[in-house]
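What follows is a single structure, written as structure tokens, with notes after it.
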Amino acid sequence: MGAPDSFERTPAACRARDILDRVGDKWSLYVISRLGGGTKRFTELKREIDGISQRMLTVTLRGLERDGIISRTMYPVMPPRVDYTLTAMGHTLLDAVSTFVSWADDHVDEIDAARTVYDRLKRAEA
């Protein structure tokens with residue numbers, strides 16, 4: 001059975017997959033979600049996103065900026081100040097991202113329980 005038309009291997013579909021890889025990774029989802037509440041500084045994002053390293057936050061922010069999802073504003077003050085905010089296009093993602101992050105938060109205990117059962121069964125099979 002063939003893939004649905006929307007999943008054809010066209011150049012546009014490959015490019016869309018590339019974009020989905022960017023916005024769909026776990027750190028981008030959280031950055032977009034956190035910026036939905038307004039402009040944030042790097043240190044605020046780092047503090048609010050549990051488990052992200054400074055390097056990974058930098059890489060994620062750069063990728064989202066490159067894709068036009070967030071904007072970065074640097075102020076010529078000492079010490080340097082940089083703010084990040086969602087662009088108009090970034091705001092169009094907010095509902096979908098917020099829904100997904102909320103779903104994950106709401107089901108984390110169920111998923112942990114399912115993983116425990118699965119892992120136990122796989123160990124028993126080995």
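Every value quoted in this text rests on a predicted model; they were computed, and no experiment measured them. Below, each value reflects all heavy atoms present in this structure, side chains not excepted, and no hydrogens, waters or symmetry copies.
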**Asked** For V77, what are the other residues in its hydrophobic cluster, where any two members join if their side-chain heavy atoms are less than 4.5 angstrom apart?
**Response** Y75
Side-chain donor-acceptor pairs of residues 52-66 under 3.5 Å, sequence neighbours excluded:
{"residue": "S53", "atom": "OG", "partner": "M56", "partner atom": "N", "Å": "3.0"}
{"residue": "T58", "atom": "OG1", "partner": "Q54", "partner atom": "O", "Å": "3.0"}
{"residue": "T60", "atom": "OG1", "partner": "M56", "partner atom": "O", "Å": "2.8"}

**Qualifying salt bridge (Lys or Arg N to Asp or Glu O under 4.0 Å) pairs, either residue in residues 77-105, two or more places apart** = R81-D83
**Item:** Considering all heavy atoms, the nearest R41-E44 contact
**Value:** N-OE1, 2.7 Å
Name every donor-acceptor pair, under 3.5 Å, that has one atom in a side chain of residues 26-33 and the other anywhere in the protein, sequence neighbours excluded.
{"residue": "S28", "atom": "OG", "partner": "R22", "partner atom": "O", "Å": "2.9"}
{"residue": "S28", "atom": "OG", "partner": "D25", "partner atom": "OD1", "Å": "3.4"}
{"residue": "S28", "atom": "OG", "partner": "D25", "partner atom": "OD2", "Å": "3.0"}

**Request:** Please identify each residue that fulfils side chain to side chain contact (heavy atoms under 4.5 Å, CB included) with T87, with sequence neighbours left out.
**Result:** S71, M89
**Prompt:** With sequence neighbours excluded, what pairs up with M74 under the side chain to side chain contact (heavy atoms under 4.5 Å, CB included) test?
**Reply:** R72, V82
**Message:** Which residues pass the side-chain hydrogen bond (donor to acceptor under 3.5 Å, both in side chains) test with T85, not counting sequence neighbours?
**Reply:** T39
**Message:** Is it true that, when you exclude D50 itself, more than 12 heavy atoms of the residues, nucleotides or ligands shown sit nearer than 6.0 Å to its CG?
**Reply:** no
**Request:** With sequence neighbours excluded, tell me which residues meet side-chain hydrogen bond (donor to acceptor under 3.5 Å, both in side chains) with E48.
**Result:** R34, K40
Between side-chain atoms of residues 113-126 and protein atoms elsewhere (two or more places apart, or another chain), which donor-acceptor pairs fall under 3.5 Å?
{"residue": "T116", "atom": "OG1", "partner": "D112", "partner atom": "O", "Å": "3.0"}
{"residue": "K122", "atom": "NZ", "partner": "E125", "partner atom": "OE1", "Å": "3.3"}

**Message:** Run the side-chain hydrogen bond (donor to acceptor under 3.5 Å, both in side chains) test against H91 and tell me which residues pass, sequence neighbours left out.
**Reply:** none
